[in-house]
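Everything on this sheet refers to the single structure shown next.
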Amino acid sequence: TLTLIYTYGDVLNLGITRGLSRELPFSLGRGERERAWGLAATAQFYVLLIGGLGGALFIGVALVARTLTPEWTLALLGMGMYWSASIYRSYLGVTFRAESEFQQLTIVQFIEAGLNLISLVLVVVGGFTGMVARFALLGLTIVVLLHRIRPVRVRPQFKRQNFGMLLATGIPLYISGYLYSASLAFDQTIVLQRGSVELVGLYTPVAAITAIMLAIRASITSYVYPRVVFQLGQRRKPQVVRRGVLQVTVVTAAVSIPVVVGGLIALPWALPRLFPQYVAALSAMQLALVGGLCLALDATALGLFALKAWRYVAVYTVCALVLRWSVPWVLTQNGHVLTGVALGGGIAHVLVFIIGVGMVWAATQGSTLSSGAQGGMGAVTSSTVPMESISKLEELL
């Protein structure tokens, strides 16, 4: 229950860290270090504020409420510590941008993976108490390690102008990202409506395959995205984004195609022997592997976010919502729920990918960035306007 509250509590972030993930590398690419550090200071101020208030609220309820059971009190204390650590971690995560910093981040992630495994002993030994202790200690330990190697060392400082810029970038990113993620959960909803709770259970490995394909893309995108935005700020050429999207797509294909081929070969042999209760979902899992390939390759949102092409982002998001509901819904009318949803989801992924490619191509046709992408307000700048005039115009705006 408390982790669900935390999930919805992410709305309080207001997309500030998402806005920083775009504006920080872009400002550094333009050589505006002071502006970049100012944005980071304002974002840090805000996340520390909501992290501190949220953590204090959880812990305060645990200490003050007299009618709580010991389990609820313990859980609230653990969530209070985890909330504060996790909110601050969301800020730290977007400040790693250079290769050396990614190397340090990788070390911390390996440490986290090891601690995740070792700390399971706490659950075995301590039961629920051990689970809460593991939950809180992992959150605090990792955020301390990240804080020690943080690449942007600024003091928290609130500036209304910086906060407004982060909001203006972050809220559209947050809303579109939330709706896009919601569209990926439509398949399980349709399985429940067309079928039963038991079918949702059978569909679990299919959903796991989708999560794996998303994780492959996310791991590559998290490395490439800040570099693309940095180069965009440095060169001010939309074509940089097109190359970045292509790069992510090629690298993701190199990683995900062997996963898909290996899965298609291994599943018919492994499923009956290792997980016989899921044999009925074999065809759906195979369809999910093939359809998930296009899901993994679809890095077009990266380009649209980098350009802050909000109209294209809106159309892309709406298409994802409509297609990921309508296609599986139509294909399950014949009663074949698992295969119909898996096939419909795969077709929807292909169509969304094609639409996204078209959106990126259209958004990168100009010779220079729009003033909206640069943080200003106005029309698209012409390639014939001298850079000195553009700079003066930006200062005036």
Side-chain angles (χ1 to χ4, degrees), residues 1-21 24 39-95 108 112 115-116 119 122-123 126-148 150 152-160 162-179 181-182 185:
T1 302
L2 289 175
T3 54
L4 184 62
I5 292 173
Y6 168 79
T7 301
Y8 287 112
D10 186 51
V11 175
L12 297 174
N13 193 294
L14 299 179
I16 292 297
T17 51
R18 290 176 182 257
L20 184 67
S21 69
L24 179 64
L39 291 169
T42 297
Q44 187 184 80
F45 175 91
Y46 183 75
V47 298
L48 289 176
L49 176 64
I50 62 172
L53 290 176
L57 179 62
F58 281 112
I59 294 173
V61 171
L63 297 177
V64 173
R66 301 298 182 184
T67 58
L68 293 174
T69 63
E71 289 80 9
W72 268 101
T73 301
L74 186 64
L76 284 165
L77 290 172
M79 178 54 74
M81 290 183 281
Y82 181 81
W83 172 283
S84 300
S86 182
I87 292 294
Y88 184 49
R89 178 178 178 172
S90 68
Y91 158 79
L92 292 172
V94 303
T95 59
V108 173
E112 181 178 15
L115 290 176
N116 266 306
S119 61
L122 293 174
V123 184
F128 182 76
T129 302
M131 185 182 73
V132 175
R134 175 178 183 266
F135 192 69
L137 287 174
L138 279 173
L140 291 172
T141 301
I142 300 306
V143 83
V144 167
L145 292 174
L146 290 174
H147 178 78
R148 288 178 62 87
R150 66 193 187 281
V152 179
R153 296 178 179 267
V154 294
R155 292 183 178 181
Q157 184 180 19
F158 182 83
K159 286 189 176 181
R160 187 172 60 181
N162 291 336
F163 187 72
M165 175 170 288
L166 292 173
L167 275 181
T169 301
I171 287 181
L173 292 179
Y174 177 81
I175 293 175
S176 60
Y178 181 86
L179 293 176
S181 298

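One is the number of the first residue; the rest follow in order along the sequence. Here the structure is a predicted model, which means the values were calculated and not measured.
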L77 and L63: side chain to side chain contact (heavy atoms under 4.5 Å, CB included), yes or no, with the steps?
-> CA-CA 8 Å; L77 290 172; L63 297 177; 4.3 Å; yes

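- Once rounded to the nearest 0.5 Å, the distance linking CG of L145 with CG of L92 reads 11.0 Å.
- Contact record, G55 with S84: CA-OG, 3.5 Å, taken as the closest heavy-atom pair.
- Put simply, CG on L53 and CG on L48 are 10.5 Å apart, with the number rounded to the nearest 0.5 Å.
- In this structure, A62 and L68 approach most closely via the heavy-atom pair CA-CD1, 4.2 Å.
- Atom CG in L173 sits 11.5 Å away from atom CG in L20 (nearest 0.5 Å).
- The 12-atom threshold is not exceeded at OH of Y178, counting heavy atoms of other residues, nucleotides or ligands nearer than 6.0 Å.
- Nearest heavy atoms, L12 versus Y46: O-OH, 2.5 Å.
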I would like to know whether L24 and V94 meet side chain to side chain contact (heavy atoms under 4.5 Å, CB included); could you show each step before the answer?
-> CA-CA 9 Å; L24 179 64; V94 303; 5.6 Å; no

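- The CZ atom of R89 sits 7.5 Å away from the OH atom of Y82 when rounded to the nearest 0.5 Å.
- In terms of heavy atoms, I50 sits closest to W83 at O-NE1, 3.1 Å.
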Could you pull out every donor-acceptor pair under 3.5 Å between side chains of residues 132-144 and any protein atom, sequence neighbours left out?
unit_1, atom_1, unit_2, atom_2, d
R134, NE, S119, OG, 2.8
R134, NH2, N116, O, 2.8
R134, NH2, N116, OD1, 3.4
T141, OG1, L137, O, 2.7

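- Each of N162, I16, V154 was checked for a side-chain contact (heavy atoms from CB on, under 4.5 Å) with L39, and the lone residue meeting it is N162.
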Check against side chain to side chain contact (heavy atoms under 4.5 Å, CB included), Q44 and Y88 | CA-CA 8 Å; Q44 187 184 80; Y88 184 49; 3.9 Å; yes

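- More than 12 heavy atoms of other residues, nucleotides or ligands sit less than 6.0 Å from atom CZ of R153.
- When atom types are taken as modelled, the side chain of T17 and the backbone of Y91 share no donor-acceptor pair closer than 3.5 angstrom.
- Residue K159 holds its NZ atom at 12.5 Å from CE of M165, rounded to the nearest 0.5 Å.
- One finds the OG atom of S86 at 13.5 Å from the CE atom of M81 (value rounded to the nearest 0.5 Å).
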